[in-house]
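As the structure lists them, so they are numbered: ligands from 1, and atoms in each ligand from 1.
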Amino acid sequence: MSFTLAIVGRPNVGKSTLFNRLVGRRLALVDDQPGVTRDLREGDARLGHLRFTVIDTAGLEEATDESLQGRMRALTERAVSMADVCLFLIDARAGLTPSDKVFAEILRRSGKMVIVAANKAEGRAGEAGYLDAYSLGLGDVIPLSAEHGEGMDDLRMILSPVAEQF
Ligand code: GDP
Ligand code: MG
């Protein structure tokens with residue numbers, strides 16, 4: 001039994017960093033540079049005893065032009081349609097942005113199971129953004145630090161019962 005998890009969210013929230021941590025190999029590029037074209041990446045994830053397929057959604061990072069945003073959205077919708085569960089990442093340091101709300105709407109309309117996580121939550125800088133994420137109305141928010149590996153046990157505990165459904 002296995003399931004597919006899509007990591008979804010606007011550019012730069014840490015999706016690829018989390019993907020790399022789950023897959024354990026550098027399959028997804030982590031990039032500070034804006035404007036790099038990417039696609040969807042799939043990998044075999046391990047999280048404690050759990051094994052699942054993970055999809056890293058990318059696109060045109062830091063897209064500002066509307067057509068680029070459209071492409072980002074199309075890629076996200078494709079990833080969501082392939083997934084059993086979506087992990088919606090926001091940036092705990094940046095707080096919620098209008099773009100996050102667009103992604104929240106895509107997820108809400110998909111009818112898929114959604115787990116919200118506030119990444120970059122290490123230290124104290126993430127506290128406000130973490131609480132902000134509750135206003136999305138998508139349920140509980142897990143504080144994560146993909147870069148430092150914090151919150152991975154909480155993620156595993158939330159995914160464990162999910163894994164049994166598939
Ligand atoms: P993506 O565009 O959503 O795939 O984001 P990336 O994984 O490429 O990460 C964007 C930036 O955020 C990079 O500079 C990462 O090093 C940084 N980043 C990712 N995870 C964390 C984290 O947990 N804490 C902090 N402080 N930075 C992070
Ligand atoms: Mg990425």
Closest heavy-atom approach to atom 5 (O) of ligand 1 among G149, P143, G14 is made by G14
query: Is E147 in polar range of ligand 1, meaning some N or O pair under 3.5 Å apart?
result: yes
Near P11 (heavy-atom distance under 4.0 Å), the atoms of ligand 1 are 2 (O)
Just list the side-chain donor-acceptor pairs under 3.5 Å for residues 136-153, sequence neighbours left out, or say none.
{"residue": "D140", "atom": "OD1", "partner": "Y134", "partner atom": "OH", "Å": "3.4"}
{"residue": "S145", "atom": "OG", "partner": "E122", "partner atom": "OE1", "Å": "2.9"}
{"residue": "S145", "atom": "OG", "partner": "H148", "partner atom": "N", "Å": "3.2"}

Judged by atom type as modelled, is there a donor-acceptor pair below 3.5 Å linking the side chain of R124 to the main-chain atoms of A121? no
In ligand 1, the atoms that come under 4.0 Å of a heavy atom of S145 are 22 (C), 23 (O)
Taken to the nearest 0.5 Å, the spacing of L131 CG from L96 CG works out to 10.5 Å
Salt bridge (charged side-chain N to carboxylate O under 4.0 Å, His left out) pairs touching residues 103-113, sequence neighbours excluded, are E105-R108
### Task
Could you tell me whether some N/O pair between V13 and ligand 1 is separated by less than 3.5 angstrom?
yes
Problem set entry | Metal proximity, S16 vs the Mg ion (ligand 2), N/O/S cut-off 2.8 Å | yes
Counting neighbours of CZ on R46 that are heavy atoms of other residues, nucleotides or ligands and sit closer than 6.0 Å, is the number greater than 12? no
Looking only at non-hydrogen atoms, the one of R93, E150, R41, K15 nearest atom 3 (O) of ligand 1 is K15
Aromatic ring pairing F52/F3, orientation class (parallel under 30°, perpendicular over 60°, tilted between) | parallel
Within the 4.0 Å heavy-atom cut-off, what N119 brings close to ligand 1 is side chain
Filtering N20, T17, I7, N12 for the heavy atom nearest atom 10 (C) of ligand 1 leaves N12
Nearest heavy atom to atom 26 (N) of ligand 1, choosing from E122, R10, H148, belongs to E122
- prompt: Could R10 and D100 be called an ion pair, given the rule that one side-chain N must be under 4.0 Å from one carboxylate O?
  reply: yes
Can an N or O of S16 be found at a distance shorter than 3.5 Å from an N or O of ligand 1?
yes
OG1 of T97 to CZ of F103, rounded to nearest 0.5 Å, is 9.0 Å
Are any of the N/O atoms on A146, whether in the backbone or the side chain, positioned under 3.5 angstrom from an N/O atom of ligand 1? yes
